[in-house]
Amino acid sequence: MPELPEVEVVRAGLAPAVVGARIAQVTVADERALTRHAGDAASFEEALRGRAITAAARRGKFLWLPLEVTSNDGHGDLGEAIVGHLGMSGQLLLRAPGAATERHERVRIDIEHPVHGELALVFADQRTFGSLAIDHLVPSPDSAPGGWGTDAPATPSQVAHIARDPLDDAFSDARFSRTARAKGSAVKRVLLDQTVVSGIGNIYADEALWAARIHPETPASDLSARAVSRLLAEVRAVLLKALAEGGTSFDAQYVNVNGQAGYFAHSLNAYGGGGQPCPRCGRPIVREQFMNRSSHFCPHCQRLSR
DNA sequence: GGCCCGCCCTGATCGC
DNA sequence: TGCGATCAGGGCGGGC
């Protein structure tokens with residue numbers, strides 16, 4: 001499942017091929033990929049034709065490709081961007097021009113790069129939770145760059161409510177600690193709340209909580225400032241390690257822009273390990289239902305205090 | 001406004 | 001062999 005490390009691998013892979021490229025042709029094969037787009041498929045295709053891509057940016061699990069500002073896009077100096085979310089199974093692939101249709105292909109964007117020549121940027125998505133849209137950019141309230149891969153202090157309007165992620169230079173540990181500890185809900189729920197901290201999904205939430213020895217159901221308000229700080233350090237550690245290993249792939253659902261899987265699945269300590277021995281204490285990892293998902297944790301190392 | 005539930009969707013896998 | 005049930009889960013609308 002694409003969480004921050006997987007999305008960053010995609011962004012970094014895309015950047016050299018798309019920044020500076022001009023869009024030649026757009027083909028929407030399945031309109032369900034445009035659920036976040038305000039117009040129809042024809043308007044999406046038409047609005048992008050001829051536009052140049054100026055960056056490949058990311059905040060949390062959202063990606064966006066800012067477009068060269070034109071005098072007539074109606075959005076002032078900030079302009080517009082193609083904003084994408086991979087959902088559960090979305091892939092952005094770079095292919096040779098005219099390459100065969102991908103399985104679950106939803107949108108194809110043919111681009112022309114001044115150095116790399118013609119390329120096809122293909123959005124494929126099995127479970128159709130992912131989407132692409134054209135959105136206008138809005139200023140970042142804190143005036144810092146909107147995310148990784150851009151210097152502009154702006155994000156697409158659809159991303160404005162998303163918190164900064166823990167790898168972002170402008171992320172405030174103190175603010176996160178204050179916000180989290182003001183919440184009475186379970187700490188895992190807070191980690192998954194993209195308006196509090198972004199980029200963390202079910203896998204890395206379980207991994208960071210295991211590493212910090214915190215039970216996922218612990219009310220966030222019960223955590224000391226020191227515990228929150230330890231948790232944040234483990235969140236960063238697990239995200240950076242996964243990033244270094246190219247992300248987590250269980251099956252063909254997550255791949256980089258060349259269609260290759262990541263290696264981090266081999267490094268998981270808790271996630272998916274229901275019944276397996278805890279790598280720290282040897283007692284069995286437990287899997288429980290949580291928020292209509294699964295939580296994996298070690299009941300011995302991660303105690304729920306009463 | 002905070003918090004939580006349930007829905008969206010498809011394909012792999014499992015059990016009968 | 002075939003078929004139905006189950007599971008994966010991020011984001012958001014809506015209800016309390």
*ring pair (Phe, Tyr, Trp, His ring centres under 6.0 Å) pairs, two or more places apart, involving residues 207-235 of chain A*: A:His215-A:Phe297
_Other ILVMFWY residues reachable from A:Val138 by side-chain steps of under 4.5 Å_ = none
*May I ask you to verify if any side-chain N or O of A:Lys183 is less than 4.0 angstrom from the OP1 or OP2 atom of B:dG2?*
no
_Among B:dC9, C:dG10, B:dA12, which nucleotide has an atom closest to any side-chain atom of A:Leu192?_
C:dG10
*Starting at atom NE2 of A:His85, determine the distance to atom P of B:dC8, rounded to an integer number of angstrom.*
19 Å
*For the residue pair A:His296 and A:Asp206, confirm or rule out a side-chain donor-acceptor distance under 3.5 Å.*
yes
_So, taking the atom named CG in A:Leu4 and the one named CD1 in A:Ile203, what distance separates them when rounded to the nearest 0.5 Å?_
12.5 Å
*Are A:Glu102 and A:Arg95 close enough, and set up right, to give a salt bridge (charged side-chain N to carboxylate O under 4.0 Å, His left out), and what steps lead you there?*
CA-CA 10 Å; A:Glu102 293 290 328; A:Arg95 292 291 184 249; 2.7 Å; yes
_At 4.0 Å (heavy atoms only), tell me whether A:Ser294 reaches a base, stays on the sugar-phosphate, or touches nothing._
sugar-phosphate
*Roughly, in whole Å, what's the span from CG in A:Leu34 to C1' in B:dC8?*
16 Å
*What integer distance in Å separates A:Gln289:CD from C:dC7:P?*
7 Å
*Mind checking what makes side chain to side chain donor-acceptor pair (under 3.5 Å) contact with A:Thr128, not counting sequence neighbours?*
none
*Rounded to the nearest angstrom, tell me the gap between atom NE2 in A:His104 and atom P in B:dA12.*
7 Å
*Taking only residues two or more places apart in sequence or in another chain, which ones pass ring pair (Phe, Tyr, Trp, His ring centres under 6.0 Å) with A:His37?*
A:Phe44
*Is there any salt bridge (charged side-chain N to carboxylate O under 4.0 Å, His left out) pair reaching into residues 23-40 of chain A, and which pairs are they, with sequence neighbours excluded?*
A:Asp30-A:Arg32, A:Asp30-A:Arg106
Polar pairs (N or O, both sides) under 3.5 Å between protein and nucleotides 4-7 of chain B?
residue: B:dC4; atom: OP2; partner: A:Arg189; partner atom: NE; Å: 3.3
residue: B:dC5; atom: OP2; partner: A:Arg189; partner atom: NH2; Å: 3.4

*What's the closest nucleotide to the A:Gln126 side chain, out of C:dG10, C:dG11, B:dG11?*
B:dG11
Measure all distances between protein nitrogen or oxygen atoms and nitrogen or oxygen atoms of nucleotides 12-16 of chain C, and list the pairs falling under 3.5 Å.
residue: C:dC12; atom: OP1; partner: A:Arg36; partner atom: NH1; Å: 3.1
residue: C:dC12; atom: OP2; partner: A:His161; partner atom: NE2; Å: 3.2

*Rounding to a whole Å, what distance do you find between A:Gln91:CD and C:dG10:P?*
17 Å
Side-chain donor/acceptor pairs under 3.5 Å, residues 190-197 of chain A, sequence neighbours excluded:
residue: A:Asp193; atom: OD1; partner: A:Thr195; partner atom: N; Å: 2.9
residue: A:Asp193; atom: OD1; partner: A:Thr195; partner atom: OG1; Å: 2.7
residue: A:Gln194; atom: OE1; partner: A:Gly199; partner atom: N; Å: 2.9
residue: A:Gln194; atom: NE2; partner: A:Leu192; partner atom: O; Å: 3.1
residue: A:Gln194; atom: NE2; partner: A:Ile200; partner atom: O; Å: 3.0

*Separation of A:Asp206 atom CG from C:dG10 atom P, in whole Å?*
10 Å
List, one per line, each side-chain donor-acceptor pair under 3.5 Å for residues 160-170 of chain A, sequence neighbours excluded.
residue: A:His161; atom: ND1; partner: A:Gln158; partner atom: O; Å: 3.3
residue: A:Arg164; atom: NE; partner: A:Asp142; partner atom: OD2; Å: 2.8
residue: A:Arg164; atom: NH1; partner: A:Pro145; partner atom: O; Å: 2.8
residue: A:Arg164; atom: NH1; partner: A:Asp168; partner atom: OD1; Å: 3.4
residue: A:Arg164; atom: NH1; partner: A:Asp168; partner atom: OD2; Å: 2.7
residue: A:Arg164; atom: NH2; partner: A:Asp142; partner atom: OD1; Å: 2.9
residue: A:Arg164; atom: NH2; partner: A:Asp142; partner atom: OD2; Å: 3.3
residue: A:Arg164; atom: NH2; partner: A:Ala144; partner atom: O; Å: 3.3
residue: A:Arg164; atom: NH2; partner: A:Pro145; partner atom: O; Å: 3.0
residue: A:Asp165; atom: OD1; partner: A:Leu167; partner atom: N; Å: 3.1
residue: A:Asp165; atom: OD1; partner: A:Asp168; partner atom: N; Å: 3.1
residue: A:Asp165; atom: OD2; partner: A:Arg58; partner atom: NH1; Å: 3.1
residue: A:Asp165; atom: OD2; partner: A:Gly60; partner atom: N; Å: 2.9
residue: A:Asp168; atom: OD1; partner: A:Ala170; partner atom: N; Å: 2.8

*Just how far, in rounded Å, is P of B:dC9 from CZ of A:Arg127?*
14 Å
Please report, to 0.1 Å, the donor-acceptor pairs under 3.5 Å made by any side chain of residues 174-184 of chain A, with sequence neighbours excluded.
residue: A:Thr179; atom: OG1; partner: A:Arg175; partner atom: O; Å: 2.8
residue: A:Arg181; atom: NE; partner: A:Leu223; partner atom: O; Å: 2.8

_Inter-axis angle, terminal five-pair segments of the helix from B:dG2-C:dC16 to B:dC16-C:dG2 [nearest 10°]_ = 50°
*Mind checking what makes side chain to side chain contact (heavy atoms under 4.5 Å, CB included) contact with A:Glu118, not counting sequence neighbours?*
A:Pro97, A:Glu112
*Spacing of A:Arg32 atom CZ relative to B:dG11 atom C1', expressed in whole Å*: 13 Å
